[in-house]
There are 2 protein chains.
Amino acid sequence: MGGSQLRRSLPIFSIGSVMQLTELSARQIRYYEEHELIFPQRTEGNRRLFSLNDIDRLLEIKELLEQGINLAGIKKLIEVVHQQETQAEVKQEEKAKRDLSEQELRKLLRNELMQAGKHRSSLRQGDMSRFFH
Amino acid sequence: MGGSQLRRSLPIFSIGSVMQLTELSARQIRYYEEHELIFPQRTEGNRRLFSLNDIDRLLEIKELLEQGINLAGIKKLIEVVHQQETQAEVKQEEKAKRDLSEQELRKLLRNELMQAGKHRSSLRQGDMSRFFH
DNA sequence: AAATAAATGTTAGGTTTTCTTACATTATTT
DNA sequence: AAATAATGTAAGAAAACCTAACATTTATTT
């Protein structure tokens with residue numbers, strides 16, 4: 001499968017949006033980053049930009065915290081699970097994508113969006129929900 | 001399909017994100033809003049908040065402009081297509097969803113995001129549970 | 001009980017982003 | 001040549017976000 005991995009790692013959400021989507025405070029989100037549980041990108045002006053993957057991880061962190069696990073434990077868990085994932089064959093494609101330039105990323109994204117119109121009438125929504133799978 | 005419609009109308013993107021995703025200038029985006037081609041929400045502080053549907057429409061507008069159609073034409077096109085859509089049976093569900101509270105919206109979205117995590121890259125609840133009993 | 005540590009709240013001062021409004025520019029159309 | 005449509009640009013104000021520091025709460029340890 002093509003750009004789904006790419007889409008989920010696109011850094012596009014402001015911290016305000018993430019707060020709403022996760023019901024976490026800015027303090028909490030920054031704290032988790034400080035402890036290296038998430039690694040949001042930054043804008044030129046140093047504002048944090050979160051991806052869907054970041055949001056998923058934040059929700060995971062929240063849930064595990066509610067289960068009484070502390071940040072150290074959660075961090076270790078994430079590491080372990082991530083290691084397991086590293087033995088997956090999806091890695092090649094991912095790595096290739098990760099090396100693309102910003103420009104190329106946008107082009108790729110746009111092309112994918114454009115192709116969405118093939119399904120329905122040309123004016124029907126391009127399927128942006130592809131960002132969400 | 002369940003809350004996909006809901007997800008697509010959640011206002012979460014800043015204008016900066018939309019600029020990157022669409023390669024439109026802020027001026028262009030605001031101009032299209034001024035001419036009632038899109039209707040982004042606002043934050044308490046009056047910042048625009050765009051949904052996936054807004055982004056789709058912006059991409060559509062961009063494409064039609066490049067085909068030489070002017071804004072008036074595009075607006076009419078959108079209206080017509082929207083009318084057609086209004087004769088769809090998806091309407092019931094949508095309307096119901098639209099009446100949900102903010103709280104409920106966030107909960108619903110969160111659930112969906114967790115489900116969407118099927119595509120690896122963050123650990124999921126199911127994945128973690130085997131570590132705890 | 002007091003001290004420590006972990007997680008989060010709050011405040012302050014500074015920077016970036018977005019807002020509206022107004023005027024300028026570039027093509028097209030009349 | 002004048003008018004219109006679409007976009008660029010600049011200015012000043014307000015909102016959102018940044019880091020850093022100190023405060024609070026809760027749980028654990030001594």
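Below, all heavy atoms of this structure are taken into account, side chains as well, without hydrogens, waters or symmetry copies.
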Residues forming a side-chain hydrogen bond (donor to acceptor under 3.5 Å, both in side chains) with B:S9, sequence neighbours excluded
none
Would you list the protein and nucleotides 18-27 of chain C atom pairs, both N or O, that sit under 3.5 Å from each other?
| from | atom 1 | to | atom 2 | distance (Å) |
| --- | --- | --- | --- | --- |
| C:dT18 | OP1 | B:S14 | OG | 3.4 |
| C:dT18 | OP1 | B:G16 | N | 3.0 |
| C:dT18 | O2 | B:R47 | NH2 | 2.5 |
| C:dC19 | OP1 | B:R48 | N | 2.6 |
| C:dC19 | OP1 | B:R48 | NE | 3.0 |
| C:dC19 | OP2 | B:R30 | NE | 3.3 |
| C:dC19 | OP2 | B:R30 | NH2 | 3.1 |
| C:dC19 | O3' | B:R42 | NH1 | 3.4 |
| C:dC19 | O3' | B:N46 | ND2 | 3.4 |
| C:dT20 | OP1 | B:R42 | NH1 | 3.0 |
| C:dT20 | OP1 | B:R42 | NH2 | 3.2 |
| C:dT20 | OP2 | B:R48 | NH2 | 2.2 |

Spacing between [X] atom [atom1] and [N] atom [atom2], to the nearest angstrom:
{"X": "A:Q41", "N": "D:dC17", "atom1": "CD", "atom2": "C1'", "answer": "17 Å"}
{"X": "B:E34", "N": "D:dT7", "atom1": "CD", "atom2": "C1'", "answer": "12 Å"}
{"X": "B:I29", "N": "D:dT7", "atom1": "CD1", "atom2": "C1'", "answer": "13 Å"}
{"X": "A:I74", "N": "C:dA6", "atom1": "CD1", "atom2": "P", "answer": "14 Å"}

Backbone of B:L49 reached by a side-chain donor or acceptor of B:R42 within 3.5 Å
no
Show me the donor-acceptor pairs within less than 3.5 Å that the side chains of residues 67-75 of chain B make with the rest of the protein, sequence neighbours left out.
| from | atom 1 | to | atom 2 | distance (Å) |
| --- | --- | --- | --- | --- |
| B:N70 | OD1 | B:A72 | N | 3.4 |
| B:N70 | OD1 | B:G73 | N | 2.9 |
| B:K75 | NZ | B:E36 | OE1 | 3.2 |

Ring pair (Phe, Tyr, Trp, His ring centres under 6.0 Å) partners for A:Y31, two or more places apart
A:H35
Check the phosphate of D:dA16 against B:T43, side-chain N and O only, distance under 4.0 Å to OP1 or OP2. Yes or no?
yes
Just the atom pairs and distances: protein N or O near nucleotides 2-6 of chain D's N or O, under 3.5 Å.
| from | atom 1 | to | atom 2 | distance (Å) |
| --- | --- | --- | --- | --- |
| D:dA6 | OP1 | B:L71 | N | 2.8 |

Roughly how far, to the nearest 0.5 Å, is the CG atom of A:L10 from the CG atom of A:L52?
8.5 Å
For residues 43-55 of chain A, pull every pair meeting salt bridge (charged side-chain N to carboxylate O under 4.0 Å, His left out), keeping only residues two or more places apart or in separate chains.
A:E33-A:R48
Where do A:L37 and A:R57 come nearest, in terms of heavy atoms and distance?
O-CD, 2.9 Å
Is any side-chain heavy atom of A:L24 closer than 4.5 Å to one of A:K62?
yes
